[in-house]
Visitor: 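Pasting a structure below so you can have a look.
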Amino acid sequence: MYSLLLMALAGLLIGGCYTFYQQKAARWIPICFAVLAAMSLVAAYMLTL
């Protein structure tokens with residue numbers, strides 16, 4: 001259950017990363033969103049083990 005929620009959160013974070021990149025925001029904002037999305041996917045994977 002929690003892994004599904006974490007994967008959904010990762011999808012939202014990737015969408016935020018993409019939109020901030022398209023808006024030419026500061027470079028660190030999309031990078032932070034991408035790192036958080038990757039961490040969410042890793043946590044979801046760890047919960048499925």
Side-chain angles (χ1 to χ4, degrees):
M1 175 66 185
Y2 290 114
S3 60
L4 183 66
L5 292 174
L6 284 170
M7 283 189 254
L9 176 65
L12 289 173
L13 287 169
I14 289 295
C17 175
Y18 179 72
T19 56
F20 279 121
Y21 179 75
Q22 290 293 319
Q23 292 177 3
K24 305 269 193 269
R27 178 69 63 181
W28 62 273
I29 296 174
I31 290 173
C32 287
F33 271 73
V35 167
L36 287 173
M39 289 172 54
S40 178
L41 286 175
V42 168
Y45 175 71
M46 296 300 282
L47 280 174
T48 59
L49 293 180

Visitor: Working to the nearest 0.5 Å, report the span between CD1 of Ile29 and OG1 of Thr19.
Guide: 10.0 Å
Visitor: Test of understanding: clusters of I, L, V, M, F, W, Y form through side-chain heavy atoms closer than 4.5 Å, transitively. Do Ile14 and Val42 belong to the same one?
Guide: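 Different clusters: Ile14 never reaches Val42 through Ile, Leu, Val, Met, Phe, Trp or Tyr contacts under 4.5 Å.
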Visitor: If I compare all heavy atoms of Leu47 with all of Ser3, which pair ends up nearest, and what's the gap?
Guide: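 Of all heavy-atom pairs spanning Leu47 and Ser3, the closest is CD1-N, 4.2 Å.
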Visitor: Any chain of hydrophobic side-chain contacts (each under 4.5 Å) joining Tyr45 to Tyr2?
Guide: no
Visitor: Enter the distance from Leu36:CG to Leu41:CG here, rounded to the nearest 0.5 Å.
Guide: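 Atom-to-atom, Leu36:CG and Leu41:CG are 11.0 Å apart.
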Visitor: If I compare all heavy atoms of Tyr21 with all of Pro30, which pair ends up nearest, and what's the gap?
Guide: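 Smallest interatomic distance, heavy atoms only, reads N-CG, 4.0 Å.
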Visitor: How close do Ala34 and Cys17 get, counting heavy atoms only, and between which atoms?
Guide: CB-SG, 4.0 Å
Visitor: Could you state the interatomic distance from CG (Leu12) to CE (Met7), rounded to the nearest 0.5 Å?
Guide: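 The CE atom of Met7 is 13.5 Å from CG of Leu12, to the nearest 0.5 Å.
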Visitor: Return the CE to CG distance between Met46 and Leu6, rounded to the nearest 0.5 Å.
Guide: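 Result: 12.5 Å between the selected atoms.
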